[in-house]
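Here the structure comes first, spelled out in structure tokens, and everything after it is commentary.
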Amino acid sequence: MSNLNTATVEKYRNNFLREVEANVEEGHWVKMCMQCGVCSGSCPLGPHWDHPPQKIFMMIRAGKRDEVLGSSSMWMCTSCYNCIARCPRELPITHIMHGLAHYAKRLGLAPKNQPTKKFAQIFWDSLSKKGRVNELKLGLSLYFMNGFAEGVKTSLKMQKVGMGMLKTKRMDPLEIVGGHGCKDKKGLQAILKKAREIEDAKAAKFQQA
Amino acid sequence: MADKKLGAYICKGCGIGDRLDAGQLAMIAKKEGKVGFAKQHDFLCNSDGVKMIQADIDAGEVNHLVVAACSRRAKSDAFNFENVAISRANLREGVIWVRPDTDDAEETTQEMAEDYIRMACAEVKYMNLPAPSEEQGLVRHVLVVGGGVTGLNAALEIAKAGYLATIVEKNGALGGAAAQFHKRIPNRAPFADPQDSGIADLIEQVESNNKITVHLNATVTKTSGAPGRFSADISQESGSTVTDNFGSIIQASGFKPYDATKLPEFSYGKSPDIVDQLGLEALAKQANGGAIKRPSDGKEVKSVVFVQCAGQRSDKEGHLSYCSGHCCLTSTKQAMYFKDANPDVDAMVLYTELRMPGAGGEDFYRSGQNKGVTFTKGIASEVVPNGGSLTVKFKDLILDEEVNYDADLVVLATGMVPNSGVNIEAVPAENEDKKDDAEAKAEVVATVPVESILNLDYRQGADLPQLVNGFTDSHFICFPYETRRTGIYAAGPVRRPMDMTQATEDATGAALKAIQALENAALGRAAHPRSGDLSFPSFRKEGCTQCKRCTVECPFGAINEDEQRYPLFNEARCRRCGTCMGACPVRVISFENYSVETVGQAIKAVEVPEEDEEKPRILVLACENDAYPALDMAGMNRMEYSAFVRIAPVRCLGSVNTIWVTDALNNGFDGIILMGCKKGDDYQCHFVKGSELAHTRMSKIDDTLKQLQLETERVQTYEIAITDIQRVPQIINDMAETIEKIGMSPLKF
Ligand code: SF4
Ligand code: SF4
Ligand code: SF4
């Protein structure tokens, strides 16, 4: 799957930009950025990232493949849509951010211990199994995301909240065994498989070109 | 005109009658102003009032009129009588609208009005009716110097309007720089692709037009005369010369590309693969839509870098300080040449600020991005040829890092240098090291290797005066094509940097101005801003000391010298600013309707109260183009100012003769304020130099003040914009306060 990674990128040549255009959701917009910086100035997370959107787009154009795909920036996006609302060039910035994150993850280049990334994976695993997210399991795995000891600590901390949720029937303890799912689980799996095939074919096509 | 018959008309409308004692004003006009009669009317500008005045004129009762009503800038249609001299006393904007309607203020307000009546009567008494000199006739022929886009379009416009045009082109073919273009920046929606330059069609139209004569390989070797009677020698390279007469001239001499060898850091000339924008056009023309090859080895270009602002917008020695305005668009266009032929070519535009002027500029930029041109914000520091390729060293300003980038071809976006001929105002640099003369001279020649474009036989120099950076002077805000030589219009990049679209517009504008100029000249009328004015300066030879001040200070080079070295006025070159009149130390220059007398006597007519009455008098000499309208507007906004002020409008601050100031001081005025337009490189003065000259003259008035043992604060000069509506009353009130502080003038009689 990650043989795309063999792509060599020359600085400031257009190859990484072309790769992004072909593989990243809304990636064809990147070239239209006029570097005004409005998005970076609008992003509430801006000051806390390595590379705000404007910079990410310039890095793509400068062919900085590893830095971009290995950046934690896209994972920090909260989907507040401030940037989209303000971009004078009407770039769907939020979507590009998520597209980049997704692409990086697919190639295995995303930063290893990025918490949002981990959460997304847990969420996906839970969802893709039965077509429903198992909130109890999701919550618990989140607690234990960074190891057993920390998991216990967090669980104890959250005990009161958990009990409250149980009492008010916001949480079903039986979910821990099996849990509910959608009707046609097989059908769901088939859909997901097909989707994966389409995506892979697309990537392969870009590789050949 | 035989007898001067003076009459005054006093309007009582618009509240004038309620606030002022009109009967008293009429009496003053008769007794002191010595007018034959003074009529009052309830509503002078209505048809009845106007009819009354016209009837008096027709009956021969009056030919010099005082209209005491509103400002001279108001109701000018109603009070527009032919063949009579008119002076207006501004009782509305200048008196009742700037004074409070209180019992306390009544007396001083009435005094203000009375003085304006006295001033208007005095002025009109010294006015005469102007008549054209009939120095020139109607010559429906325009000389167009330069056969590029601007010149071609100008000639076509002139021909289409039914006039004759003659193009003088120094090269062997028409088309100028545009003929070298592969394609042009689009001037039509959707502004997405480079567009055919259309130059061949333009040339074809010009060549087939029987109203247009074309001289190729030719230059103008002599230009003399004035609008309506220009004569030009057109000399062929071969040596033959024809002389023809022209009504007006358009100078469309264009630009030359900046010499890129002055940029050693970019190695221009060291590798044939480093070109300027015109060089790239040549390569694109050669490729004709196919892949562009690099000159060194004919290899197809796979990567190209455009270095924007090469030697431009830079204050480094030898660089151009300005932006040439078209280069960002041009580089985008040229990058598209590559992308359109082969999308796989890497085309990068290195810019610090992109500037995409014009209606379609931003669309064109977007189209470039869409085609995959990379725009990188960065500063190029060096281009280094290394074996087969070129290394561009630049700093990426977004990513904040130094980059070495290899490219096959580098295009330098260098600027436009105007072809404006000789800088007639250049002062040869003083040779500080005191090298021997020959060497010094050689240096001057080396730095000014310029041939004249027009070879004017004007006393003031062979070419159009320049403003900054070698571009011809033109009134940027109000009269862009107008130069400082009446009847000679600058259009295209000789005036300011511009692209084809703008040059085409410029050509149209200049063509219309040129036609207007030759028609006006035939009628003896002034060009703007005193368009239609028939008066022109004349001088009393007996008094003239041949000091040459008028010939030097005239901003428009209107005055030559005759064989006896007396000034020789050229009516049609004159813009009627009166700067010569203000300059003349012996006061022998005057216009029929505007002279040292008309204003001087008006000032003298003001009644100056005794010192112990505690009523100071402040004189304001206000430029009628900006300061006077600002004062009027202060009135319209009912802003109050001191009742001790008396305002006299002048054509231009340049026309202010220092005698007015000294006389006013001697007559007991306590303060004098001069209000002119902005001066300097970004001047707003309608006569370009008038305000500046006035400021210079007034800087010397301190000596006079000291001689008279007066405080220097008593005379102040200001630059006023037409929008300074709040500021003008403030300036007046400040002067009133100053006088309160320093006391009344001791020179009252
Ligand atoms: S949507 Fe994402 S990238 Fe855009 S402003 Fe919000 S957090 Fe920043
Ligand atoms: S706001 Fe839009 S155009 Fe501006 S830098 Fe951000 S993405 Fe680019
Ligand atoms: S100074 Fe003004 S008024 Fe005098 S000749 Fe020149 S243009 Fe005419």
Side-chain angles (χ1 to χ4, degrees), chain A residues 7-22 24 26-41 43 46 49-71 73 87-93 96 206 208-209, chain B residues 192 301-308 328 332 335-336 338-339 342-356 361-378 380 389-408 410:
Chain A
T8 52
V9 172
E10 267 191 277
K11 282 195 166 172
Y12 290 87
R13 307 276 175 227
N14 285 343
N15 22 10
F16 182 47
L17 179 65
R18 286 197 196 102
E19 182 184 340
V20 168
E21 287 194 349
V24 171
E26 305 282 13
H28 60 278
W29 277 99
V30 172
K31 60 175 182 283
M32 297 309 289
C33 167
M34 62 172 181
Q35 294 295 313
C36 66
V38 165
C39 52
S40 301
C43 180
W49 298 16
D50 300 340
H51 315 112
Q54 171 204 15
K55 216 161 170 179
I56 285 274
F57 299 154
M58 192 58 223
M59 287 162 74
I60 294 173
R61 294 177 351 189
K64 293 181 173 282
R65 187 172 192 271
D66 296 343
E67 285 101 316
V68 170
L69 296 176
S71 169
S73 295
C87 171
R89 278 295 179 83
E90 302 181 323
L91 266 73
I93 302 165
I96 305 172
F206 173 74
Q208 271 159 21
Chain B
V301 175
K302 281 284 168 36
S303 63
V304 54
V305 175
F306 295 85
V307 178
Q308 297 308 107
C328 286
T332 307
M336 286 184 185
F338 291 93
K339 284 288 185 186
N342 175 8
D344 282 337
V345 173
D346 286 314
M348 174 158 77
V349 178
L350 257 187
Y351 68 93
T352 50
E353 284 88 22
L354 274 180
R355 297 178 171 185
M356 301 287 186
E362 286 298 318
D363 287 337
F364 196 54
Y365 174 23
R366 257 189 291 265
S367 173
Q369 287 181 301
N370 232 331
K371 291 182 183 195
V373 178
T374 305
F375 292 86
T376 301
K377 189 174 169 79
S389 82
L390 305 163
T391 303
V392 182
K393 298 189 176 181
F394 70 92
K395 178 173 186 171
D396 188 313
L397 293 175
I398 300 292
L399 304 181
D400 193 24
E401 58 189 29
E402 300 291 341
V403 182
N404 286 347
Y405 180 81
D406 286 344
D408 297 331
V410 170

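Proteins come first, then strands; the chains are lettered A, B, ... in the order of their sequence lines, and each starts at number 1. Note that this is a predicted model, so its numbers are computed, not measured.
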- Distance in Å, A:Met58 CE paired with B:Phe375 CZ, rounded so as to fall on 0.5 Å steps: 11.5 Å

- Query: Under a 4.5 Å heavy-atom cut-off, does chain A meet the side chain of B:Thr374, its backbone, both or neither?
  - Reply: side chain

- Task: First locate atom CZ of B:Arg366, then atom CZ of A:Arg89, and finally report the distance between them rounded to the nearest 0.5 Å.
- Result: 5.0 Å

- Side chain, backbone, both or neither: which part of B:Val403 has an atom under 4.5 Å from a heavy atom of chain A? side chain

- Task: Please round to the nearest 0.5 Å and tell me the distance separating atom CD of A:Glu67 and atom CG of B:Leu399.
- Result: 9.0 Å

- Segment of B:Asn404 engaging chain A (4.5 angstrom heavy-atom cut-off): neither

- Is a donor on one side and an acceptor on the other found under 3.5 Å between the side chain of B:Gln369 and the backbone of A:Cys33? yes

- Inter-residue atom distance B:Ile398.CD1 - A:Met59.CE, 0.5 Å rounding: 12.5 Å

- Query: Heavy-atom distance under 4.5 Å to chain A: side chain of B:Glu401, backbone, both or neither?
  - Reply: side chain

- Taking the side chain as C-beta and beyond, is there a heavy-atom pair between B:Met348 and A:Arg61 under 4.5 Å? no

- Task: Report yes if the side chains of B:Asp344 and A:Arg18 come closer than 4.5 Å at any heavy-atom pair, otherwise no.
- Result: yes

